Amino acid sequence: MVRPGARRRGHATAMLAAALPVCRQLGVARALVTCDADNTASRKVIEANGGEFEDRRGVKLRYWIRTGN
């Protein structure tokens with residue numbers, strides 16, 4: 001979560017990008033990341049980090065992100 005006064009500056013995108021190598025070190029080759037279907041900002045963050053849309057389940061969108069090479 002990014003506080004309202006700091007939004008739209010790339011912080012969430014950078015946080016997710018920083019978490020992916022940690023996932024890789026833990027042995028996770030692909031991470032499942034979800035967001036609410038009406039949360040455009042979160043969807044953009046996921047997609048900016050290489051999220052590949054899988055499907056929608058109820059109100060949630062599901063994306064897979066590769067954690068490294």
Side-chain angles (χ1 to χ4, degrees):
M1 180 175 203
V2 178
R3 68 179 171 88
R7 291 181 182 158
R8 301 189 51 83
R9 296 183 191 170
H11 297 301
T13 301
M15 286 188 287
L16 180 54
L20 294 173
V22 175
C23 292
R24 181 66 173 179
Q25 290 174 348
L26 294 172
V28 177
R30 292 187 327 145
L32 175 64
V33 183
T34 66
C35 67
D36 287 343
D38 64 353
N39 191 335
T40 303
S42 289
R43 191 174 71 241
K44 288 181 179 181
V45 166
I46 295 167
E47 291 172 353
N49 277 284
E52 298 173 14
F53 180 72
E54 179 183 50
D55 62 15
R56 178 178 178 155
R57 298 190 187 183
V59 299
K60 296 291 184 185
L61 301 179
R62 295 167 45 102
Y63 291 85
W64 287 98
I65 301 178
R66 296 189 187 285
T67 61
N69 296 335

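Remember, it's a predicted structure, so these values are computed and weren't measured experimentally. Quick note: residue numbers are just sequence positions, from 1. Reckoned from all heavy atoms, side chains included, excluding hydrogens, waters and symmetry mates.
- Counting only distance, with no hydrogens or angles, the side chain of T67 and the backbone of P21 share no donor-acceptor pair below 3.5 Å.
- Rounding to the nearest 0.5 angstrom, the gap separating the CG atom in L16 from the CG atom in N49 is 4.0 Å.
- Hydrophobic clustering (side-chain heavy atoms under 4.5 Å, transitive across Ile, Leu, Val, Met, Phe, Trp, Tyr) groups F53 together with I46.
- Nearest heavy-atom pair across R57 and D55 is NE-OD2, 3.2 Å.
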Requested in this report: Please test R30 against I65 for side chain to side chain contact (heavy atoms under 4.5 Å, CB included), starting from the C-alpha separation and ending with a verdict.
Outcome: CA-CA 5 Å; R30 292 187 327 145; I65 301 178; over 6 Å; no
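- Taking CZ of R7 as the start and CE of M1 as the end, the distance is 5.5 Å to the nearest 0.5 Å.
- Side chain of R8 to backbone of G10: no donor-acceptor contact under 3.5 angstrom is found.
- For the atom pair R56 CZ and T34 OG1, the distance stands at 12.5 Å (nearest 0.5 Å).
- The shortest distance between side-chain heavy atoms of V2 and M15 falls below 4.5 Å.
- Separation of atoms CD (E54) and CG (L32) is listed at 7.0 Å; rounding is to 0.5 Å.
- The cluster map of Ile, Leu, Val, Met, Phe, Trp and Tyr, joined by side-chain heavy atoms under 4.5 Å apart, puts L20 and Y63 in the same cluster.
- Remark: N39 CG to K44 NZ distance equals 11.0 Å, nearest 0.5 Å.
- For R62, the CZ atom sits in a packed shell: over 12 heavy atoms of surrounding residues, nucleotides or ligands are nearer than 6.0 Å.
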